[in-house]
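Everything numeric in this text was worked out from a predicted model, so none of it was measured. Note that the numbering runs from 1 along the sequence shown for the chain.
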Amino acid sequence: MNFLGIELNTRNLPELDKEFIPLGQFNEAFLKGAAKPVSIAVERAEGEMASVDTFIYGTDEMRQADCYYINRLVKTILWMKGGFKIYVAGDENIYNYLKEAFSESGIQAFDNHFMANVFEHEFQVVFCDKVPQTKDSPKAIGGHMDGCRIGFDAGGSDRKVSAVIDGETVYSEEVVWFPKTNSDPDYHYEGIVSAFRSAAEHMPRVDAVGVSSAGVFINNRAMTASLFIKVPEELYDKKVKNIYIRAIHDTFGDIPYSVANDGDVSALAGAMSLKKNNVLGMAMGTSEAVGFVDAEGKITGWLNELAFVPVDANPLAMRDEWSGDIGCGVKYFSQDSVIKLAPRAGIELDESLSPAEKLKVVQGLMAQDDERAAAVYRSIGCYLAHALAYYYSLYGCENVLLLGRVMSGKGGDLIIENCGKVLKDEYPQLAEKINLALPDEYFRRVGQSAVAASLPEIK
């Protein structure tokens, strides 16, 4: 296939989406003929930096391909690592393009607004002679078992808490709550404190508290989180950004604590379960939730919001309603993907059903070995193989833990089976390096809240 003058030789395409263009393969093919050096760096919190040296064509004929390649590259860095300032060196035309595209009114305006809010900085694109070098500060959190600990897991429909003494869970509690529909931050605060106190009653003391929560966290602060989506902005800044810190201090005083994204905690649980590091945890549910534990067993502090990292270069790819962008992971590795593909397989879904109920319909057909449902899951497996090749180029992840309701039952087995086949055929060298894993009994038994308890170190 040919896209923007770049020829791709993709052997494996999803049977229900033949227009799919693997972005990783497009990038590789693009770079084979590009020779003009360009450098990009993205600055994030506390002076951390993600930088990359790459190439473009730099000709009028290939300007559209150059701009597309650089746009997707910057978009990927922003949602993988986060950042509020883009540095550009090597080509003023690319700088001018990025400055316009990522402006407050440009085609990537959503990224501008989101990152400016998360990092509490004006979003900027600047031209320079040489971009800053990469600087990361991964944190060695998790895996601490000593003492009396509380682990809290804030979910969208229930909250879980565990009391853990020297690595043994002595009490766990799961309570239904409605954080996404409540606009009063005191409702959230009181729910968190109630869970803390419930766990504390089952231990002689509390030495540390670990929190696992959906959202973007910087220095333990909730910079943005869907759990608090109904809270007005003025109250969010005042009462939500420090909500977990306040709840811990108000309840237990000055003790060690750590707040981490639930995707990272899932990856940490996977590392503990697999007894391996370099783990990418990938949950396919309402969205695509991802976490990463590096080769040294550390949590990087990156955003890892791969739901909004592009994986498909097809210009007619499905648009994400939230970010307004196309071809991003959320439409390929979540229940949205199943719902998107089902009609193409000949499965009619009642539009009055919720997304979760639509997924259940397809899962029910798959349980009966319905060939139409099988085509849906095989297609997702093909998507996954191409995306993992791209993710590997970004993370170097050797272990991939696959989670979430889309991965449950026979459909999940078929996703893994077809993913493996496509990896072996399309990326044979990579197939030898990536280990695909599902949660084992240890992972299920320990639970997210108990793993969260291991986050802080008691000094």
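A donor-acceptor contact closer than 3.5 angstrom is absent between the side chains of Asn304 and Trp79. Asn278 and Tyr395 share no donor-acceptor pair across their side chains, judged by distance under 3.5 Å alone. Donor-acceptor pairing under 3.5 Å is lacking for the side chains of Tyr383 and Ser337. Judged purely by distance below 3.5 Å, without hydrogens or angles, the side chains of Ser408 and Gln363 pair a donor atom with an acceptor atom. Under the 3.5 Å distance criterion, with hydrogens and angles disregarded, no donor-acceptor pair is assigned to the side chains of Asn112 and Glu104. Side-chain atoms of Gln25 and Glu426 include a donor-acceptor pair closer than 3.5 Å. Side-chain contact, Ser334 with Glu288: no donor N or O sits under 3.5 Å from an acceptor N or O. When only modelled atom types and interatomic distance are considered, Tyr87 and Ser39 share no side-chain donor-acceptor pair under 3.5 Å.
For the atom pair Tyr95 OH and Cys128 SG, the distance stands at 10.0 Å (nearest 0.5 Å). Rounding to the nearest 0.5 angstrom, the gap separating the CD1 atom in Ile415 from the CE atom in Met407 is 5.0 Å. One distance of note links CD1 of Ile416 with CG of Leu423; it measures 11.5 Å at 0.5 Å rounding. One finds the SG atom of Cys419 at 11.5 Å from the CG atom of Leu414 (value rounded to the nearest 0.5 Å). Rounding to the nearest 0.5 Å gives a distance of 10.0 Å between CG of Leu401 and CG of Leu436.
Ion pair Lys230/Asp184 not flagged as a salt bridge, since none of the NZ, NE, NH1 or NH2 atoms sits closer than 4.0 Å to an Asp/Glu carboxylate oxygen. Ionic pairing of Lys241 and Glu120 is present here: one or more N-O contacts between side-chain nitrogen and carboxylate oxygen are shorter than 4.0 angstrom. Between Asp369 and Lys410 there is a salt bridge, since a side-chain N of the basic residue sits under 4.0 Å from a carboxylate O of the acidic one. Of the charged side-chain nitrogens involved, none lies within less than 4.0 Å of a carboxylate oxygen, so that Asp264 and Lys139 do not count as a salt-bridged pair. With respect to the salt-bridge test (charged N to carboxylate O, under 4.0 angstrom), the residues Lys331 and Glu321 qualify. Salt bridge Glu28/Lys32: absent, no basic N to carboxylate O contact under 4.0 Å.
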Practice problem: Take Lys358 and Glu351 through the side chain to side chain contact (heavy atoms under 4.5 Å, CB included) test and state the conclusion after the steps. | Solution: CA-CA 8 Å; Lys358 290 178 180 178; Glu351 288 306 313; 3.1 Å; yes
Practice problem: Decide yes or no on side chain to side chain contact (heavy atoms under 4.5 Å, CB included) for Val231 and Ser183, but give the supporting numbers first. | Solution: CA-CA 4 Å; Val231 177; Ser183 61; 5.6 Å; no
Practice problem: For Gln448 and Ser266, run side-chain hydrogen bond (donor to acceptor under 3.5 Å, both in side chains): C-alpha distance rounded to whole Å, both residues' side-chain angles, the deciding distance at 0.1 Å, then the answer. | Solution: CA-CA 7 Å; Gln448 190 95 344; Ser266 289; 3.2 Å; yes
Practice problem: Please step through side-chain hydrogen bond (donor to acceptor under 3.5 Å, both in side chains) for the pair Tyr236 and Thr224, ending with a clear verdict. | Solution: CA-CA 9 Å; Tyr236 190 100; Thr224 182; 4.9 Å; no
Quiz prompt | Trace of the side chain to side chain contact (heavy atoms under 4.5 Å, CB included) decision for Val279 with Glu398 | solution = CA-CA 7 Å; Val279 175; Glu398 295 176 348; over 6 Å; no
Exercise. Decide side-chain hydrogen bond (donor to acceptor under 3.5 Å, both in side chains) for Arg159 and Ser449; before the verdict, give the C-alpha distance in whole Å, the side-chain angles of both, and the deciding distance to 0.1 Å.
Key: CA-CA 9 Å; Arg159 62 176 193 254; Ser449 60; over 6 Å; no
Self-check item: Audit row: Gln124, Ile86, side chain to side chain contact (heavy atoms under 4.5 Å, CB included) steps and yes/no
Solution: CA-CA 6 Å; Gln124 294 177 276; Ile86 301 171; over 6 Å; no
Quiz item: Would Lys85 and Glu122 satisfy salt bridge (charged side-chain N to carboxylate O under 4.0 Å, His left out), going step by step from the backbone distance to the final call?
Solution: CA-CA 8 Å; Lys85 190 172 184 178; Glu122 176 189 1; over 6 Å; no
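His188 contributes a side-chain N or O that, together with a main-chain N or O of Pro179, makes up a donor-acceptor pair within less than 3.5 Å. In this structure, the side chain of Asp370 does not engage the main chain of Met366 through any donor-acceptor pair within 3.5 Å. A donor-acceptor pair under 3.5 Å links the side-chain atoms of Trp177 to the main chain of Gly155, judged by distance alone. In this structure a side-chain-to-backbone donor-acceptor pair under 3.5 Å is present from Asp66 to Gly58. Side chain of Ser323 to main chain of Asp325: a donor-acceptor pair is present (N/O by atom type, distance under 3.5 Å, no hydrogens or angles). The backbone N or O of Gln429 lies less than 3.5 Å from no partner atom in the side chain of Glu432, so there is not a single donor-acceptor pair. Looking only at distances, no side-chain donor or acceptor of Ser273 sits under 3.5 Å from a matching main-chain atom of Ala269. Side chain of Ser393 to main chain of Tyr390: a donor-acceptor pair is present (N/O by atom type, distance under 3.5 Å, no hydrogens or angles). Judged purely by atom type and a 3.5 angstrom limit, Asn219 has no side-chain atom pairing as donor or acceptor with the backbone of Arg221. A distance-only check finds no donor-acceptor pair linking the side chain of Arg378 to the backbone of Pro14 [under 3.5 Å].
Within the 4.5 Å cutoff, the side chain of Gln335 has heavy atoms near those of the Arg405 side chain. Using a 4.5 Å heavy-atom threshold, the side chains of Val88 and Val126 count as separate. Here the side chains of Val131 and Met49 are not in contact, with every heavy-atom distance at 4.5 Å or above. Residues Arg11 and Asp425 have side chains in contact (heavy-atom distance under 4.5 Å, counting atoms from C-beta outward). Between Lys75 and Leu78 there is no side-chain heavy-atom pair separated by less than 4.5 Å. Residues Val400 and Ile434 are in side-chain contact: their nearest non-hydrogen atoms beyond the backbone lie under 4.5 Å apart. In this structure, Asp153 and Val161 have side chains that are not in contact, with every pair of non-hydrogen atoms separated by 4.5 Å or more. For the pair Glu357/Ser354, a side-chain contact is recorded, criterion being any heavy-atom separation below 4.5 Å from C-beta on.
Remark: Lys340 qualifies as a cation-pi partner of Tyr332 under the 6.0 Å distance and 45° angle criteria applied to the six-membered ring.
Using bins of under 30°, 30° to 60° and over 60° for the plane-to-plane angle, the ring pair Phe292/Trp302 lands in the parallel bin.
Aromatic ring centroids of Tyr57 and Phe30 lie under 6.0 Å apart. In this structure, the ring of Phe84 has its center no less than 6.0 angstrom from the ring center of Phe123. If you look at Phe26 and Tyr68, their ring centroids are closer than 6.0 Å.
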